[in-house]
Student: 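My structure is below; once you've seen it, I'll send some questions.
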Amino acid sequence: MKINSAVYTTSATDLRSCPAGRLPEFAFIGRSNVGKSSLINLLTLRHGLAKVSETPGKTQLINFFTINGAWSLVDLPGYGFAKVAKHKRADFNEAVADFLEKRESLRHTFVLIDSRLPPQKIDVAFLEWLATTDAEFSLVFTKADKQSAGKTGASVARFQREVIERLPRRPEIFISSATSKLGRKEILAHIGRLLD
Ligand code: GDP
């Protein structure tokens, strides 16, 4: 998919204040600092589109971008700074949980995982919860350039073994790097297929 235009539309604090879902939506979510803003900028090739931040945990807004006038990219707040007590929906930010469970125009969600880390409790808890909803999702393992391909492969395999195989549904997996552009084509192709 070629990106011809990527335009910030609006931000919302909760499901109720989200704009009318005129276009199919593709959401991105992950722990703060996972590389979500960098991935959004990579996908759109607009480097200032999502703010890349050195101070994680600040953005609590749901941000909407219109891509090619054909679909919406939804930047969801990171979930790293919520208190976690197992599997409770409210632990991930009520607005995000609401959005993922009830947003009718939501077509697909990409859950970002840091490829360098062993499975993190909060990611596991989030995925276990997400798999209980009707939301369709896939996983993106980020920052692959920060280590060898072998290490990334081992990390993804471990995540598959310890987390994915235990989920009731098996998401597709992508590997990305904002510096080498790895994964860009594949993720956009996936979105393209879902739009067809
Ligand atoms: P967010 O909080 O999830 O939006 O994460 P950011 O996109 O702001 O990234 C957090 C930090 O990781 C920033 O310093 C980025 O430059 C860095 N980063 C993000 N993605 C990558 C990547 O693919 N490769 C490398 N080397 N650094 C990355």
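Hydrogens, waters and symmetry mates play no part in the numbers below; they use all other heavy atoms, side chains included. Atoms within each ligand, like the ligands themselves, are counted from 1 in listed order.
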Student: Which residue pairs pass the salt bridge (charged side-chain N to carboxylate O under 4.0 Å, His left out) test with at least one member in residues 160-176, sequence neighbours excluded?
Tutor: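 Listed by first then second residue: R158-E162.
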Student: Does V34 approach ligand 1 within less than 4.0 angstrom via side chain, backbone, both or neither, non-hydrogen atoms only?
Tutor: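 Both backbone and side chain.
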Student: Are R107 and S105 linked by a side-chain donor-acceptor pair shorter than 3.5 Å?
Tutor: no
Student: Out of T179, D145, L182, whose heavy atom sits nearest atom 26 (N) of ligand 1?
Tutor: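 The option holding the nearest heavy atom is D145.
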Student: I'd like the name of whichever of K146, R116, Q147 reaches closest to atom 27 (N) of ligand 1 through any heavy atom.
Tutor: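 The nearest heavy atom belongs to K146.
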Student: Does ligand 1 have any atom that is closer than 4.0 Å to a heavy atom of S177?
Tutor: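 Right, S177 reaches ligand 1.
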Student: Need the ligand 1 atom indices (1-based, order shown) with element for anything under 4.0 Å from a heavy-atom of G35.
Tutor: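 The list of qualifying atoms is 1 (P), 3 (O), 5 (O), 6 (P), 7 (O), 9 (O), 19 (C), 20 (N).
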Student: Using a strict 4.0 Å cut-off to heavy atoms of N33, name the atoms of ligand 1 that fall inside it.
Tutor: 1 (P), 2 (O), 3 (O), 5 (O), 10 (C), 11 (C)
Student: Compile the donor-acceptor pairs under 3.5 Å between side chains in residues 5-12 and protein atoms, sequence neighbours left out, one pair per line.
Tutor:
from: S5; atom 1: OG; to: N68; atom 2: N; distance (Å): 3.4
from: Y8; atom 1: OH; to: S11; atom 2: N; distance (Å): 3.2
from: Y8; atom 1: OH; to: S11; atom 2: OG; distance (Å): 2.6
from: T9; atom 1: OG1; to: F64; atom 2: O; distance (Å): 3.3
from: T9; atom 1: OG1; to: T66; atom 2: N; distance (Å): 3.4
from: T9; atom 1: OG1; to: T66; atom 2: OG1; distance (Å): 3.0
from: S11; atom 1: OG; to: N63; atom 2: OD1; distance (Å): 2.6

Student: K36 heavy atoms, cut-off 4.0 Å: which ligand 1 atoms fall inside?
Tutor: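 Numbered from 1, ligand 1 contributes 1 (P), 3 (O), 4 (O), 5 (O), 7 (O).
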Student: Backbone or side chain, does any N or O of S176 fall under 3.5 Å from an N or O of ligand 1?
Tutor: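 No, no N or O pair falls under 3.5 Å.
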Student: Could you tell me if the ring centre of F174 sits under 6.0 Å from that of H190?
Tutor: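 F174 vs H190: aromatic centres under 6.0 Å.
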Student: Does R184 use its side chain to pair, donor to acceptor, with the backbone of L42 at less than 3.5 Å?
Tutor: yes
